[in-house]
Amino acid sequence: MYEKLNYPKNGTKITVEAGQLKVPDDPIIPFIRGDGIGPDIWAASQRVFDACVEKAYSGKKKIVWLRIYAGLDALQLYGDDQVLPDETIKAIQDHYVAIKGPLTTPVGGFEYVCLVCAAEQNGENGDKPKKCVKCGSEWVTPRFRSLNVGLRQKMDLYACVRPVRWFHGVPSPVKHPENLNITIFRENTEDVYSGIEFQQGTDEAKEVIDFLNSRISKPIRPDSGIGVKPISITGSKRLARKAIQYAIQHKLSNVTLVHKGNIMKFTEGAFRDWGYELAKEEFRDHIVTEKELWDDLDGKMPEGKILIKDRIADSIFQQVLLRPGEYDVLATPNLNGDYLSDACAAQVGGLGLAPGANMADYIALFEATHGTAPKYTGQDKVNPSSVILSGVMMLEYMGWQEAADMVVRAIKKTIDQKRVTYDLERQMEGAEKLKTSQFADAIIENM
């Protein structure tokens, strides 16, 4: 089936039948270890997953792991600057469910980036550097926009899903972090992620500016860079559908459409309008809009219904601080969701405790939400909870709720015991500092 992958001799593929995921007792799950701290946190997380499945089902179920490659690992196996091989994409598509650690995303304007330490550099006389100027690694690849974005776009993983909740005992900058328990559905393929840019001073930028200035009353300055962000009916409605389906499945009470429609009326304002349209078209028996609640129902919410409401993007940042308990699910365009995900995670302990997933209709790629932290590579130091909790999402998606619940209870107990990695230990009085691998041991012990 695959040229380079070491495909397991046992295990069964997950399939889709009659619009539903069909998960066998021995599913083959592809995984990407990740760059930087990825190997450390993946090794710890995989042990937790295997232990919870073994204990929850008394050995009757088992995950069969299939290692796939991206980033540095892919370069070492495939060569030729292949940081995202076609086999990796095919394996995820073939198996529907996969999980990954963090992958390097360079941010500078350099020609090359080191996937070991993330140092960015230019070539000499047009030649590729033979070694990284910082750490001496031989694996230096041309600069790429983002492997994470590449994975999402190649498989049309249109929904970035990030649940945010607080674990008792985790230090927080807010007084009542327990009131924040939301899931953010962020559109993954449009807005700035598929935005088109024209650099200031280029012929293309001048052409666009001249075109726009001939048609608008408030001219654009001629020394501007230009960006275009598309937001479509297709992208907006399928994200709203996914968010409402999640609310129904988890018996939640409301879904909020987040937008800046008071200013961007035909993109973000349209996102809001199309979200309401979808809710009425496909979920009429399940939902009540906020307007209907006050105009027709005198503010009395019918039992068992889901409230569909909307909030301006800047307002929701205040709301998740002051009145977080009023929000269950947020559905947002890309950039708003990017900001909100990290802002909410900061209230409950940071990105080290923030899981995530990128989903299409059936394909789901679960991932750590933080970066590769290359300065901690190989130190067995970093908190693996983001990957572990992403695995909890994966187990829930597979319908293995007993195993998922077991992990959550064990993490809660471990943190209550103040047995934590350095990022939490330095903020918790009387805590015991554990290595990455030791934290996994403690979680397994507490199952």
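Because the structure is a prediction, the values reported are computed rather than measured.
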_From CA spacing to verdict: side-chain hydrogen bond (donor to acceptor under 3.5 Å, both in side chains), D361, Y158_ = CA-CA 9 Å; D361 289 342; Y158 59 82; 2.5 Å; yes
_Using the rule given for side-chain hydrogen bond (donor to acceptor under 3.5 Å, both in side chains), can you reason through W400 versus E396, listing the C-alpha separation, both sets of side-chain angles and the distance that settles it, and then say yes or no?_
CA-CA 5 Å; W400 292 12; E396 290 176 343; over 6 Å; no
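In this structure, the side chain of N334 engages the main chain of E187 through a donor-acceptor pair within 3.5 Å. Remark: side-chain polar atoms of T289 are not paired, donor with acceptor, to backbone N or O of I308 under 3.5 angstrom. E178 places no side-chain N or O within 3.5 Å of a backbone atom of R165 that could act as its donor or acceptor partner. Using a distance-only test at 3.5 Å, with no hydrogens or angles considered, no donor-acceptor pair links the side chain of T332 to the main chain of V258.
Interatomic distance, N188 CG to R152 CZ, rounded to the nearest 0.5 Å: 4.5 Å. Annotation: the span from S45 atom OG to R33 atom CZ amounts to 13.0 Å, rounded to 0.5 Å. How far CZ of R311 is from CG of L257: 10.0 Å, rounded to the nearest 0.5 Å. Between atom CG of residue L66 and atom CZ of residue F31 there is a gap of 7.5 Å, rounded to the nearest 0.5 Å.
Annotation for D328 and S253: closest pair OD2-OG, 2.6 Å, computed over non-hydrogen atoms. Nearest heavy-atom pair across I388 and I443 is CD1-CD1, 3.8 Å. Of all heavy-atom pairs between D380 and K435, the closest is O-CB, 3.1 Å. Nearest approach of I89 to M155, heavy atoms of both residues: CG2-CG, 3.8 Å.
By the 4.5 Å heavy-atom criterion applied to side chains, I209 and I226 are counted as neighbours. The side-chain heavy atoms of V387 and F366, taken from C-beta on, include no pair separated by under 4.5 Å. Counting heavy atoms from C-beta on, the side chains of V53 and L395 come closer than 4.5 Å.
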Under 3.5 Å, side-chain donor or acceptor atoms of residues 402-412 against the rest of the protein: list the pairs with distances, not counting sequence neighbours.
| from | atom 1 | to | atom 2 | distance (Å) |
| --- | --- | --- | --- | --- |
| E402 | OE1 | Y57 | OH | 2.7 |
| D405 | OD1 | Q401 | NE2 | 2.8 |

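In this structure, a donor-acceptor pair under 3.5 Å is present between the side chains of E190 and S232.
With sequence neighbours excluded, no residue forms a salt bridge (charged side-chain N to carboxylate O under 4.0 Å, His left out) with R272. Annotation: salt bridge (charged side-chain N to carboxylate O under 4.0 Å, His left out) contacts of D156 (sequence neighbours excluded): R238. Every salt bridge (charged side-chain N to carboxylate O under 4.0 Å, His left out) that E282 has, sequence neighbours left out, goes to R241. When the salt bridge (charged side-chain N to carboxylate O under 4.0 Å, His left out) test is applied to K375, no partner is found at least two apart in sequence or on another chain.
Listed by first and then second residue, the ring-ring contact (aromatic ring centres under 6.0 Å, His included) pairs that reach into residues 69-99 are Y7-H95, sequence neighbours excluded.
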